[in-house]
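A note on names: the letters A, B, ... follow the listed sequences, proteins ahead of strands, and every chain is numbered from 1. The analysis underlying the following values was restricted to heavy atoms, covering all of them including side chains, and did not include hydrogens, waters or symmetry mates. Since the model is a prediction, treat every value here as computed from it, not as a measurement.
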Protein chains: 2
Amino acid sequence: MSITIYDVAREANVSMATVSRVVNGNQNVKPATRKKVLDCIERLGYRPNAVARGLASKKTTTIGVIVPDISKSYYAELSRGIADIATMYEYNIILSNSDKRMTREMELLDDLLGKQVDGLIFMSDSLSEEIKKEMATANVPIVLAGTLDSSTDLATVNIDHEQAAYDAVKKLIDNGHKRIAHVSGPLTRDINRYCKKVGYERALKEAGLPIYEEYFIETDNTYDDAYEKWRLLRKLDEKPTAIFAGNDDIAVGMMNGIRDDGYSIPEDFEVICFQHTLLSRAVRPQLTTIVVPLYDLGAVSMRLLTKMMNGEEIAETNVLLPYRMEERQSTR
Amino acid sequence: MSITIYDVAREANVSMATVSRVVNGNQNVKPATRKKVLDCIERLGYRPNAVARGLASKKTTTIGVIVPDISKSYYAELSRGIADIATMYEYNIILSNSDKRMTREMELLDDLLGKQVDGLIFMSDSLSEEIKKEMATANVPIVLAGTLDSSTDLATVNIDHEQAAYDAVKKLIDNGHKRIAHVSGPLTRDINRYCKKVGYERALKEAGLPIYEEYFIETDNTYDDAYEKWRLLRKLDEKPTAIFAGNDDIAVGMMNGIRDDGYSIPEDFEVICFQHTLLSRAVRPQLTTIVVPLYDLGAVSMRLLTKMMNGEEIAETNVLLPYRMEERQSTR
DNA sequence: TTGAAAGCGCTAACAA
DNA sequence: TTGTTAGCGCTTTCAA
C-alpha cells in the first residue's frame, strides 16, 4: 500500500484536513504546523492521489485533445502549442488520434468525457452533425483548433484561410500569371473546400481570369500523391504557369515532379504554398509560402479553453490569428 | 448534476452492483436484467465516471508518456506507434513534453505518478541518477523508448545504433572513401555519444583509417545549425570526401551548405544519414539512409508495457528492433 | 443471479 | 487555526 493523506496526518499529529490544506497551499495553517506537515510528507514520501482528489473536487486538471494524427507535423506542432500553455496552467493532456474517422471521434469524445476531463480541444477535417450533438452533451468547454464550424456556436481558433489563399493567388496574378493551378488537399477537409479553394477562385474572378476545372487537382495531402498527380498537369496542352499548393508536402511533390521532367522553378513554373513544415526552407529552391502559425493556433486555443474553464467572460469566441507571406525562391 | 450509477439502478429497479456488473460485462447477470439495465443506461444517457472507477479499482487505464518534444517528427512518429497500441489495449495516454530538462522530467514523473497512471513510457537523451531514483519509487512499470540505460535494469526498446552507424560508415569506406566526417547531434544524447560515434570510429579503425578530430562536428540536431557548421568542414585544407550525418535534418543542412558552395552530391561528397523524416526522400538528390523504425519503436514499447502491466513474464526486457539501409542518390 | 455495505483517498462544508 | 464528518461515484467482497 502506498502512503495516504491519513498516514501523514497521524504521523504529524494533525487531522487530514490540515494536511489537505498544506498540500493545497491554503493560507489558514500556522507556519509551524505547515512545517511539521511538510516534514512528514517529505519523510514518508507522500504523493497526493490525483484520482481521489478529482473525485472529491470534481476537477481533474486534465484536458482532452482529439487530433487526426499526431505523427503529422502540422498537428505535432499545433499540439506543442497546446501543451506549453497547458503546462503553464498546470493541466495535463490526454492526447488521442482520431484519423478523422467520425465513429472514432465519437468514441473518443465519450471516452474523454467519461474520464472527466475539464475541457476539450478538438481538431478535425469536418464537423458532422453527430459530433456536434455529442459535444452538446458535454458539460465542459470545447475549443475547435484549426477546424471550421459553420454555425459558429462553438469556440474556434483559426487563421483566415480564405484570405490567405486569395493573397497567395493574387501574388501569382501580380507576377503576370494567367494560368494558375490549385493543387489542393482533400476536399473532405472543410478548410480546403470552403476556404482555400474559394479564396483561389475569388482571386481569379477578381482578376477577370477564367476558372479551369483541369487546373484544380485534389490530392490526399501527401508528397507522394502530389508527385504522382503532377502528370495530370503535365499532360495538358495548355499547362499552367504557376501553382498554388495546399501545403508544402504537396508543393514539394509537385516540384520534384516538375523538375524530374526537366522544367525549372521558378522559370517555367512559379510555386507558392501554405507552410506547415521545415520542408519549405530545406528544399532548393526554397518555397515561397503562407506561414501558418501552428504553434500559436494551439497555444491560443488552450488559452481560450482555460478562460472558458474558469468561467471567464470571452469577448470573441471565434478567433482569427494573423498569418504572413514569406517570399523565397519559388516565385519571382 | 450528471447521471450516476445510482440513478440507473433506481430507474431499473436493481442494485448499483448489478448496474456495475452490466457496465463491466460481467457474465453473472440474467440476460433480461442486462437488457433492462442497458435500456435505462441508454435512456438516461449514463456515462460511467472513470475517476470514481479509478479510485475504487486502483486502475486508471491511462499511461503516461514523457517525451522531449512532440513537435519533432522523430517523437511524433514514435508517439503515434505508442498511441495505436495503447488504443488497441484501451489505454489513454497522458502526453507531456520535458524538453530534456532534468528538473522537468522529475516534475513530470511525480505528476504522472500522482495521477495514478498504470504505466509509463519515458524518452530522453540521457538518464540521470536522480531520474532513476525517482523511477524506483514508482510502483508501476516503466519502459524506455529510444533511450539508453547503461545499467540495463529498466526495460528498453531500441535499435542497435552502434551497429547501424558502423554499417553506414562501412558503406562509405567500401565506396573508397578515406576521409569521412561525422556530423553528429549533441553528445549530451547518449545514443550519439555511446553508439553512433562509437560505431563510426569502429568502422574507421577496422579499416585502418585514422580518426581526425576535425572531422567530427557536433550540432544541435537542426537543419540550420548543420547548414551553419558546414563552414567548419569547408575551411579545411584536406576536406572530407564523405559525410555520415546523425539524422536527415543535419544531412540536408550540410547538403545545402555544400551545394550553395557549388559542390555536387554525390560527386564531390557522398552523404549518408539516419532517416527520421520525409525529408530524406523529398530532397534532391534523395538521401541514402539508415531507416529507423520509429513507429515500431513506439508500438513495441507500448506492447511491452502492456505485458508488464498485466504482470506477464517477459523473456527479454532490452529489445532491439531491426533497421535497414536504403540506398538512394547521395551515395554511389 | 442479485443486493448490501464497506471502502478507495481526498475535498469541503461546518463546527469548534 | 484546526478538526469532524459527510460525501464524490464507483468496485468488490460477502451473503443471500
Side-chain angles (χ1 to χ4, degrees), chain A residues 1-38 40-41 44-62 90 110-111 113-118 139-140, chain B residues 1-38 40-41 44-62 90 110-111 113-118 139-140:
Chain A
M1 256 348 290
S2 55
I3 313 298
T4 73
I5 197 172
Y6 189 74
D7 299 319
V8 177
R10 195 167 14 132
E11 182 80 8
N13 269 311
V14 296
S15 71
M16 42 189 295
T18 298
V19 178
S20 176
R21 289 189 189 98
V22 170
V23 168
N24 293 293
N26 186 314
Q27 285 309 301
N28 296 327
V29 181
K30 203 165 59 176
T33 315
R34 176 188 311 283
K35 181 172 183 336
K36 186 172 59 175
V37 171
L38 251 18
C40 289
I41 287 178
L44 298 180
Y46 168 65
R47 177 181 285 147
N49 181 325
V51 173
R53 177 183 288 184
L55 185 58
S57 70
K58 303 186 158 298
K59 287 193 184 327
T60 55
T61 63
T62 300
E90 303 196 284
D110 204 51
D111 182 20
L113 259 10
K115 291 248 166 157
Q116 312 302 116
V117 293
D118 294 335
N139 45 356
V140 297
Chain B
M1 258 345 292
S2 55
I3 313 297
T4 72
I5 198 171
Y6 190 74
D7 299 319
V8 177
R10 194 166 14 128
E11 182 81 7
N13 270 309
V14 295
S15 71
M16 41 190 295
T18 298
V19 178
S20 176
R21 288 189 189 99
V22 170
V23 168
N24 292 294
N26 186 314
Q27 285 310 299
N28 295 328
V29 182
K30 203 165 60 177
T33 315
R34 176 188 311 282
K35 182 173 183 335
K36 187 172 58 176
V37 171
L38 251 18
C40 290
I41 287 178
L44 298 180
Y46 168 65
R47 179 180 285 147
N49 181 324
V51 173
R53 178 182 287 183
L55 184 58
S57 69
K58 303 186 158 295
K59 286 193 183 329
T60 56
T61 62
T62 300
E90 303 196 282
D110 203 50
D111 182 20
L113 259 10
K115 291 248 166 159
Q116 313 301 118
V117 293
D118 295 335
N139 44 356
V140 297

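Distances shorter than 4.0 Å separate some side-chain N or O of B:Tyr46 from OP1 or OP2 on D:dC10. OP1 or OP2 of D:dC8 has not a single side-chain nitrogen or oxygen of B:Asn49 nearer than 4.0 Å. Contact check, A:Lys58 against D:dG9: a side-chain N or O comes under 4.0 Å of OP1 or OP2. Note on B:Asn28: a side-chain N or O is less than 4.0 Å away from OP1 or OP2 of C:dT1.
Atom pair A:Lys30:NZ and D:dT2:P shows a separation of 5 Å (rounding to whole Å applied). If you measure from atom CG of A:Asn26 to atom C1' of C:dT11, you get 11 Å, rounded to the nearest angstrom. Put simply, CZ on A:Arg53 is 16 Å from C1' on C:dC8, counting in whole angstrom units. Rounded to whole angstrom, the span from the CZ atom of A:Arg47 across to the P atom of C:dC8 amounts to 20 Å. Between the C1' atom of C:dC10 and the NZ atom of A:Lys59 lies a distance of 15 Å, rounded to the nearest Å. In this structure, the CG atom of A:Asn24 is 15 Å from the C1' atom of C:dA13, given to the nearest Å. Rounded to whole angstrom, the span from the CD1 atom of A:Ile41 across to the P atom of C:dC10 amounts to 10 Å. With rounding to whole Å, A:Ile5 atom CD1 is found 14 Å from C:dC8 atom P.
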**Message:** Run the side-chain contact (heavy atoms from CB on, under 4.5 Å) test on B:Ile5 and B:Met16 for me, step by step, so that the C-alpha distance in whole Å, both residues' side-chain angles and the decisive distance to 0.1 Å come before the verdict.
**Reply:** CA-CA 6 Å; B:Ile5 198 171; B:Met16 41 190 295; 3.9 Å; yes
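A donor-acceptor contact under 3.5 angstrom links the side chains of B:Lys115 and A:Thr62, judged on distance only.
Looking at heavy atoms from C-beta onward, A:Gln116 lies in side-chain contact with A:Thr60 at the 4.5 angstrom threshold. At least one side-chain heavy atom of B:Ile3 sits less than 4.5 Å from a side-chain heavy atom of B:Val8.
Residues B:Tyr46 and B:Thr4 share a closest heavy-atom pair of CE1-C, 3.5 Å. Residues B:Ser15 and B:Ala9 approach most closely at C-CB, 3.7 Å, considering heavy atoms.
Sorted by first and then second residue, the side-chain hydrogen bond (donor to acceptor under 3.5 Å, both in side chains) pairs involving residues 25-37 of chain A (not counting sequence neighbours) are A:Lys35-A:Asp39.
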Please produce a list of atom pairs where a protein N or O lies less than 3.5 Å from an N or O of nucleotides 3-6 of chain D.
unit_1	atom_1	unit_2	atom_2	d
D:dG3	OP2	A:Ser15	N	2.8
D:dG3	OP2	A:Ser15	OG	3.2
D:dG3	OP2	A:Thr18	OG1	2.7
D:dG3	N7	A:Arg21	NH1	3.4
D:dG3	N7	A:Arg21	NH2	3.3
D:dG3	O6	A:Arg21	NH2	2.4

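When each of B:Arg34 and A:Ala56 is assigned the nucleotide of DNA chain C bearing its nearest heavy atom, the one mapping closer to the 5' terminus is B:Arg34.
You'll find that the side chain of A:Leu55 is closest to D:dC8, out of D:dC8, C:dT11, D:dT11.
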